[in-house]
J.: 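Take this structure first; my questions come after.
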Amino acid sequence: MRAYRSILFVPGHRPAWVEKAVDAGADCVVLDLEDSVPAAEKTGARELVAESIRRVRSVNAEVGLFVRVNPLATRLTGGDLEAVVVPGLTGIFAPKIEQATDVLQYDALLDHFEERNGVQGLEYIVPVETVQAIQNCREVALASPRVGAMIGPSAEHADIARAVGYEWTPEGTETLYLRSRVLLACREAGIHALTGLWEDLENLDGLREFAIRGRQLGFRGMIAIHPKHVATVNSVFSPSAEDISFYEGMAKAYEAAAADGTGALRYRGLHIDKAHYDKAVEWLDRAAQITTGANR
């Protein structure tokens, strides 16, 4: 999966909002058929979402386009996928997954509708929303090649807050253990690690601080629920010019020393060796992916 910095939600029955989400600069847009769509409008929203995918993709080949379908337990998932698995779709935001067999059920449905509708290569973004999902996050992350990203939970009022019973704080200490388990599962599986959302729409300073703490922990992107949050999220999860210069210099310094037969050296006051070089190369590779996506 691409290293999406920002993943912005749009209610699927509000097609006029989709272009606004793209124009806000979101790396990825999730068209929602679940919580933000009233029950009476869910069926009609399916075709609106399919039309939105076709419309956006006709003018924008780069932005990620995902659909959050209704959970398997609702028995609406198959109908959702039948309508929205269309050319131009990037993947499925798959809610309420709790174990590996849930992922395999999604796989069976997607295999069918990809073949039927002439689509291929769809991926999953998996939110961790229940206690069972936390306990099983490792097996979920490893369950299928389609699993491209998982989200470490952090929301104040979402399903996981109710399930665990934590009292939310801006510092996020109450979800640190939950997010850390998801982060480690992502690292083992080699998938994109995303942190959860910030619900206070007007507090952009709080959003920035929360996003920075997520990045420091190891997350590489974040869910957003309003276009005004996208610029801040993109800024936090983008490599700075100073960091790029630092790691480029480190890599070059080590390569030059290694060519002279030296395995350890001093760089900007630091002792560095092969481990530092490996981190620099990996960091620069990720930065290049982010920069390429940002310049779409």
J.: Do F210 and D200 touch side chain to side chain, with heavy atoms closer than 4.5 Å?
T.: no

J.: With a cut-off of 6.0 Å (strictly less than), are more than 12 heavy atoms of other residues, nucleotides or ligands near CZ of R75?
T.: no

J.: May I ask you to decide if G263's main-chain N or O and D273's side chain share a donor-acceptor pair within less than 3.5 Å?
T.: no

J.: Distance-only, no hydrogens or angles: does the D32 side chain make a donor-acceptor pair with backbone N or O of S36 under 3.5 Å?
T.: yes

J.: Do the two ring centres, one from F246 and one from Y267, sit under 6.0 Å apart?
T.: yes

J.: Which residue, V140, I151, D102, forms the side chain to side chain contact (heavy atoms under 4.5 Å, CB included) with V126?
T.: V140

J.: Less than 4.0 Å between a side-chain N and a carboxylate O, is that true for K96 and D159?
T.: yes

J.: Does NZ belonging to K228 count more than 12 external heavy atoms closer than 6.0 Å?
T.: yes

J.: Other residues, nucleotides and ligands only: do more than 12 of their heavy atoms fall within 6.0 Å of CD on E282?
T.: no

J.: Which of parallel (below 30°), tilted (30 to 60°) and perpendicular (above 60°) describes H271 and H276?
T.: perpendicular

J.: Please report the shortest heavy-atom distance between A94 and P127, naming the atom on each side.
T.: O-CD, 3.1 Å

J.: Would a distance-only check, ignoring hydrogens and angles, find a side-chain to backbone donor-acceptor pair under 3.5 Å from E114 to L122?
T.: yes

J.: Mark yes or no for whether H229, through its side chain, and L201, through its backbone, hold a donor-acceptor pair below 3.5 Å.
T.: yes

J.: Determine whether a donor-acceptor pair (N or O, by modelled atom type, separation under 3.5 Å) exists between the side chain of N60 and the backbone of V56.
T.: no

J.: Give a yes or no on whether the backbone of M1 and the side-chain of E123 come within a donor-acceptor separation of less than 3.5 Å.
T.: yes

J.: More than 12 foreign heavy atoms under 6.0 Å from CD of E115: is that the case here?
T.: no

J.: In plain terms, say whether E188 and R138 are close enough for a salt bridge, that is, a side-chain N and a carboxylate O under 4.0 Å apart.
T.: yes

J.: Any donor and acceptor pair, going by atom type alone, linking the side chain of R213 with main-chain N or O of P170 inside 3.5 Å?
T.: yes

J.: Pick from V69, L109, V85: which one makes a side chain to side chain contact (heavy atoms under 4.5 Å, CB included) with D80?
T.: V69

J.: Can any side-chain N or O of W283 pair as donor or acceptor with the backbone N or O of P239 at less than 3.5 Å?
T.: no

J.: Using a strict threshold of under 4.0 Å (side-chain N to carboxylate O), is an ion pair present between R55 and E19?
T.: yes

J.: List the atom pairs, with distances to 0.1 Å, where a side-chain N or O of residues 214-223 and a protein N or O form a donor-acceptor pair under 3.5 Å, not counting sequence neighbours.
T.:
from : atom 1 : to   : atom 2 : distance (Å)
R215 : NH1    : V236 : O      : 2.9
R220 : NH1    : R215 : O      : 3.3

